[in-house]
Structures are given as structure tokens and as C-alpha cells.
Amino acid sequence: MTDLASLLNAEQLEAATAPDGPLLILAAAGTGKTRTLVYRVVHLIERGIAPWEILLLTFTNRAAREMLERAESVTPGITSGLWGGTFHHVANRMLRRYAPRLGFPNDFRILDADDQKSLMRQCIKDAGYAAKTFPKREVVLSMLSGAVNRGLDLLDYVETKNEDGEVSSDNLIEVINAYTRKKDEIKAMDFDDLLVFALRLLEEHDDVREHYQNRFKHVLVDEYQDTNVLQSAFVNRLAEGHQNISVVGDDFQCIYTWRGSNYRNIMDFPTQYPGARVIKLEQNYRSRPEILAVANESIKHNPDQFQKVLRPTRDSVNARPRVYDVYSDREQSDTISKIIRSACEDGYNYSDIAILYRSHFHSIETQILLGRTHVPYAITSGVGFFDQAHAKDIISLVRLTEFPADWLSFERVLTLLRGLGPASAEKLWAKLGGVYKAEEADHRNNLLAFMTPSARAQWEPISEAIANYKASKLSVTELVSAFITAYYESYLNKEYDNAKDRLDDVRELATEIERRGSVTEFLSDIALLTNVDVEGEKQRTENEPHVLLSTIHQAKGLEWPVVIILWAVEGMFPSNRSIVEESDDSEERRLFYVAVTRAKEQLHIFTPRTRYLHDGGMMDCTPSRFVKEIPETLLEQHAPSQQRRRYSPYSFRQKNY
DNA sequence: GTTGGGAGAATTTTT
DNA sequence: TTCTCCCAAC
């Protein structure tokens with residue numbers, strides 16, 4: 001039996017060992033939220049609940065993995081059989097089993113953002129609108145997603161979003177409906193559908209609902225402030241019988257309202273579950289008092305929230321956060337370099353340092369700098385590994401051999417061939433009757449027979465490799481190799497100047513697929529694997545200390561001794577879009593709060609005065625309101641370097657290897 | 001039907 | 001600088 005009293009403070013202990021029934025843990029940043037939740041899981045299991053009777057819902061896969069690992073380190077084997085993951089993962093898992101109830105096959109396809117966009121492009125085109133005058137695909141998709149995730153009527157929502165639009169809302173709805181139909185035709189679900197259909201499964205199929213209600217005796221939810229209506233309905237359904245639902249969150253850290261998150265979920269929890277136990281964690285173990293002072297001061301400017309104050313437990317060492325008033329991004333880079341060097345001299349290693357920013361593109365200069373100065377770094381990049389064109393090509397190839405009805409993969413692979421475009425792919429697919437069974441010689445031969453001679457010549461060796469793969473004469477790696485030799489290498493060479501890198505990636509990907517064991521399972525769920533997960537895997541294997549570059553969103557839940565925040569200037573943080581589109585800046589401020597509270601020992605904030613634009617132009621910047629609204633006495637100001645050097649905008653635009 | 005050139009636009013955050 | 005779309009030439 002684990003001695004929790006020696007591991008947790010009074011508040012945490014109360015939360016971890018709270019009896020059955022609804023429980024709300026309001027945990028401010030750095031108060032040991034994860035720790036508490038992990039020990040609650042441990043406690044439940046030691047109390048006699050079986051691991052498979054627990055459902056642990058998190059916001060990212062990384063968070064789930066981290067928690068399970070920490071529980072495992074307390075008692076090895078303790079979490080085996082426990083369901084832990086994101087809402088999307090859990091929904092997917094249920095749907096893989098019960099999809100036929102809703103008219104989907106078990107191996108339904110999950111559409112990623114690219115798939116959604118290409119489907120939407122077709123819908124706009126089919127409806128006869130010119131892509132130029134019609135709203136962009138992303139915009140249309142975000143209207144649909146926004147309505148779905150907020151539980152709002154589509155027409156109402158589209159109308160509010162389309163007030164000054166040149167295209168009528170009816171036309172938008174028409175296209176959106178076409179998109180939904182198309183999705184249904186190919187038996188695919190997008191990300192939102194996973195939530196929608198999992199909820200429908202529970203609501204409309206009593207036996208399924210009862211099955212999961214009986215199975216999961218305890219439901220725990222992390223980051224509850226970032227759940228949306230679908231997600232809260234989902235957990236409420238699961239817990240409606242026993243009401244053993246524990247949620248953890250902090251309304252200050254709600255940073256996903258743009259995706260439908262609604263922190264009312266956490267605020268209204270006590271009303272929804274009368275008699276719910278509410279426990280506040282306010283003792284901050286993470287940050288120096290000077291850092292917390294800035295965080296507290298900042299969040300005060302958001303009046304409409306549960307007021308909580310972070311109480312420091314750590315000693316003050318006069319570690320006021322530093323603000324650097326630098327002239328340019330070049331000087332920002334130079335200073336970062338110095339900060340990193342001096343941190344290392346102070347005994348920190350690279351892994352103790354994180355560089356955070358509002359948007360991915362803010363990090364470009366810093367990446368170049370770190371590369372030039374040979375500082376090892378990892379980046380949670382904008383484009384995930386699996387989102388790159390070449391990765392998708394290979395995934396589609398393998399998918400084509402496994403999923404006979406997967407039109408999207410069929411099209412993608414076939415249109416790689418020279419002289420074969422979308423129109424031909426569609427024709428071939430129709431001639432095949434909308435199915436391509438790779439294991440059947442008839443299907444393979446028919447496809448070849450229907451092709452033009454030039455396409456046939458290119459496809460023949462690939463078709464043969466597929467045949468051998470299906471006859472188990474080739475492994476996945478060998479299939480991909482054959483594809484590369486027969487066609488793909490020359491294709492890459494022709495299309496891209498970094499063909500070699502891409503080829504390496506593709507080979508690595510093939511090995512990865514093979515390593516996973518079940519090819520079909522991996523392919524089905526690949527859309528749910530994010531770049532962060534891939535990065536996590538890499539770090540695990542490579543394990544070299546490195547500086548982390550990350551957006552603030554992706555840094556949520558993590559902490560570092562040294563945190564550097566880039567581009568704290570108006571228009572970048574808060575972002576331009578939020579200034580123009582949103583009536584208030586409270587979400588951006590919460591984001592700033594999240595960034596600040598990641599820091600344990602040192603916090604460095606940059607407010608460059610100028611920014612060079614991609615076309616060589618220059619823009620003046622003013623410090624972010626989030627910095628200016630903090631009393632100066634809480635910060636340590638660093639003036640720009642004395643001798644203002646003159647930089648040509650072009651001198652550092654050149655590629656730095 | 002396909003491809004490639006040329007013009008034009010564009011830069012939030014993610015499952 | 002890079003992606004996307006449109007149109008004209010194969």
C-alpha cells in the first residue's frame with residue numbers, strides 16, 4: 001500500500017483519496033495536478049478497483065502516457081488494462097468495435113485535415129462555385145466544426161460567422177451538406193465525427209451505453225476546462241449511474257475556446273452534480289515567487305473568472321522575470337544565445353530550457369540560430385511527420401493494399417503516376433466497381449488492363465510488388481523498397497530538391513510501420529497520432545539533452561527551469577487575428593499566463609522593436625499589452641545593446657545551412 | 001486529360 | 001518565400 005500521506009500535501013491527499021461520487025479539483029498551475037490525479041488512480045486501484053474499470057481522459061496523448069508511466073513507476077503493472085487517452089482516442093476505440101451500429105464499417109477511415117480539405121474542394125467545385133470567389137475551404141470547414149463542437153445549429157452558426165460574407169449562408173450550407181454526404185459515402189469520419197458518433201453510440205444504443213457504464217466504475221478527466229459540449233456530454237453519460245466522476249482543471253488555463261472548449265463546463269460542475277466535492281489546489285511547487293507574482297498580476301486583468309491566487313512555496317531568490325527590449329530579431333537571437341550559454345554555465349543542461357512562442361512561424365530565426373551554434377534542439381513543429389506529402393504517399397500505398405474500398409488512397413497513389421490525373425483515377429475506380437482487392441489477381445489485372453499503356457508500364461512493377469506483399473512474400477519494408485526502386489525515387493527526384501531527405505524519411509516510416517505489429521490497426525489510427533507523439537518517441541530513443549522549441553499550446557502541462565518567451569509584441573502575442581476578430585483578449589491573456597507559469601527558475605521575455613517581413617520590408621513593433629500591464633517593479637528591464645548595429649534585412653535572410 | 005508556368009496571396013493555436 | 005489556383009500548351 002502506497003503511503004500517500006508522505007507523498008502529497010493535505011489538499012492533494014484529500015483529492016487523491018476522496019470517496020466515491022462527483023469530485024472537482026480546481027488546480028492552479030504548478031500545484032501538482034498531474035501528481036494528484038496519478039495518485040488518485042493508484043489509490044483507487046489499491047482500494048480494489050480493477051485497472052480496466054477506470055477510464056482516464058486527457059487532452060493530449062502525451063499527457064495520458066505521462067500519467068500512466070508515473071503510475072507504473074509507483075507499482076509496475078498497475079495500469080494494465082486501464083483505458084487512458086484523449087477523448088478522440090477513446091471515442092475511436094469504442095467506434096472500432098461498434099461502428100456497424102451506426103452504419104460504418106469497423107475499419108472506417110479517419111480523415112485528417114488534408115483529407116477534409118480535398119473533400120471540401122471537390123464539394124465547392126461540384127456545386128459550381130469558383131474557388132476564388134467562394135470562401136476558403138478552411139473557413140467553410142471551420143464553420144462546420146465550430147457549430148458541431150459548440151452544439152449549435154449549423155444555419156445559425158454559419159449566419160453569425162458569415163455576417164458580411166459575399167456568399168449567402170444558404171450556399172455555404174449547401175456545400176457543407178454536400179461535404180457531409182460525401183464523407184458518408186466513403187464511410188469516413190473526420191475528427192469531430194469521432195466525438196459526435198461516440199456520443200450517439202452511447203445515447204442511442206442502450207446496450208452499448210450500459211456495457212461501458214458497467215465497465216467503467218470511475219471516470220477521471222484531466223484539463224476539464226478545455227472540454228467542449230460533446231466531450232462533457234460524453235463523460236456525463238458514462239458516469240450518470242454511479243456518478244464516480246473526477247475532473248481536474250483550471251479555468252485560467254482554458255486556451256482552446258476557438259475549438260469549442262467551454263470553461264463553463266468546469267464552472268458549472270457543482271451545479272450539474274449537486275453535492276460534488278470541490279477541492280482547490282493553490283500551493284504552487286513549481287515557480288519562484290517572482291514568477292508567480294507576474295502570473296497573478298497578469299490574470300487579474302481577466303475579471304470574469306474564478307479568482308484564485310497562486311501561493312508560492314519556494315524561496316524568493318530575487319529572480320524577477322526579465323524583459324528584453326531588443327531592436328530586432330537578430331538581436332533577439334544573439335541574446336537567446338547568451339541566455340542559453342549562461343544557463344549552461346550555471347549548471348543547467350539543454351533539456352532544462354524551453355523556448356515558447358504564440359505561433360509556429362515565430363520560431364524560424366531561432367531555429368536557424370540554434371542550428372548555427374550547434375545547440376541540439378527539438379521542435380514540436382507545425383507540420384507533423386505524418387502530414388508531409390511523402391509520408392502520406394507511402395501510407396496511402398500501404399493502405400491501398402489493406403483497405404479495398406479506400407478511394408482516397410487509391411486516388412493518391414494512382415495520381416503519382418505520370419500522365420494519370422484525378423479524372424483518370426476516378427474513371428478507373430468506377431470501372432473497378434469502387435473496390436480494389438489487392439490480394440486478388442483479377443483485381444490487379446483489371447486495373448492494369450484499364451490503364452493507358454504509359455500508366456500500365458509504370459504501374460506493372462508496383463502491382464507485382466503488391467501481389468508479392470499480399471502473398472506474404474514481401475514485408476512492408478520490402479514492399480516500400482520495391483515501390484521506391486520501381487518508381488518513387490525517380491518521382492521524388494523530379495518533384496523535389498530535397499529528395500534524399502524525403503527518401504530517408506520514407507524508409508524510416510516503413511520500418512516504423514513494420515515495428516508496430518498490426519499494420520491495419522496502425523494505419524487506421526494514424527490520423528490520431530500527432531507530431532508531438534512522434535517527437536516523444538524520438539526523444540525516448542535518442543535521449544540527447546536538447547532545448548525544446550514549442551508553441552505555448554503544446555507546452556501546456558509541462559515545466560522547465562528556464563523558459564524563454566519570444567515575440568511578446570502586439571500583433572504577434574496577442575496575435576493579429578485575435579485583436580481583429582475577438583471582442584476581448586482574455587483567451588490570449590490566459591495563454592500568456594500558461595506561458596509564464598511554465599517557468600520554474602528563470603523567465604525571459606522578448607519584446608523586439610522591429611520585425612522584418614518576408615518581402616524584405618520592416619515593421620515597427622510595440623511591446624505586448626500583457627507585458628505593459630505588469631507593474632514595472634515586478635520585472636527586470638534589459639535595455640537594447642548600446643551600439644545599435646545596422647543590419648541589412650537581407651544579410652541574414654540568406655540560408656544559414 | 002494532364003502538366004507546368006505564371007500570377008497572386010499569405011502567415012494562430014490542434015485532436 | 002512558399003503555397004495555391006488558373007489557364008494554356010502538350
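Chain letters run A, B, ... following the sequence lines, proteins first, then strands; residues in each count from 1. Source: prediction; values computed, not measured.
- At least one side-chain nitrogen or oxygen of A/T551 sits closer than 4.0 Å to the OP1 or OP2 atom of B/dT14.
- Taking a centre distance below 5.5 Å and an interplanar angle below 30 degrees as the stacking criterion, A/W258 stacks against the six-membered base ring of B/dT13.
- Mapping A/T86 and A/L420 onto DNA chain B via the closest heavy atom, the residue that lands nearer the 5' end is A/L420.
- Checking B/dT15, B/dT13, B/dG4 against every side-chain atom of A/F191, the shortest atom distance belongs to B/dT15.
- With sequence neighbours left out, A/R93 forms a side chain to side chain contact (heavy atoms under 4.5 Å, CB included) with A/W83.
- Protein atom CZ of A/F87 is 12 Å distant from nucleotide atom C1' of B/dT15, rounded to whole Å.
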Side-chain donor-acceptor pairs under 3.5 Å in residues 189-197 of chain A, sequence neighbours left out?
unit_1	atom_1	unit_2	atom_2	d
A/D190	OD1	A/D192	N	3.2
A/D190	OD1	A/D193	N	2.9
A/D190	OD2	A/Q116	NE2	3.3
A/D190	OD2	A/Y179	OH	3.1
A/D190	OD2	A/K183	NZ	3.4
A/D192	OD1	A/N149	ND2	3.1
A/D192	OD2	A/S145	OG	2.8
A/D193	OD1	A/K183	NZ	3.3
A/D193	OD2	A/K183	NZ	2.8
A/D193	OD2	A/D190	N	3.0

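- Rounding to whole angstrom units, CG of residue A/L111 and C1' of B/dT14 are separated by 16 Å.
- Taking the nucleotide of DNA chain B with the nearest heavy atom to each of A/S424 and A/R611, the more 5' of the two is matched to A/S424.
- When rounded to the nearest whole Å, the span between OH of A/Y496 and P of C/dT2 equals 14 Å.
- The CD1-P distance, from A/I364 to C/dT1, rounds to 12 Å in whole Å.
- Between A/H362 and B/dT13, a side-chain N or O to OP1/OP2 separation shorter than 4.0 Å is absent.
- In this structure, A/F626 and A/F573 have side chains that are in contact, with non-hydrogen atoms separated by less than 4.5 Å.
- Nucleotides B/dT13 and C/dT4, compared at atom P, are 15 Å apart to the nearest Å.
- Contact annotation: A/Q554 does not reach the phosphate of B/dT13 (side-chain N/O to OP1 or OP2, under 4.0 Å).
- Ring orientation note: the planes of A/Y256 and A/W258 are tilted relative to one another, at an angle of 30° to 60°.
- Taking side-chain N and O atoms only, A/H360 has a distance below 4.0 Å to OP1 or OP2 of B/dT13.
- Residue A/E521 qualifies as open at atom CD: its count of foreign heavy atoms under 6.0 Å is 12 or below.
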For nucleotides 4-10 of chain C, read 5' to 3', which letter fits each nucleotide if B means a protein heavy atom sits under 4.0 Å from the base, S means only the sugar-phosphate is that close, and - means neither? SSS----

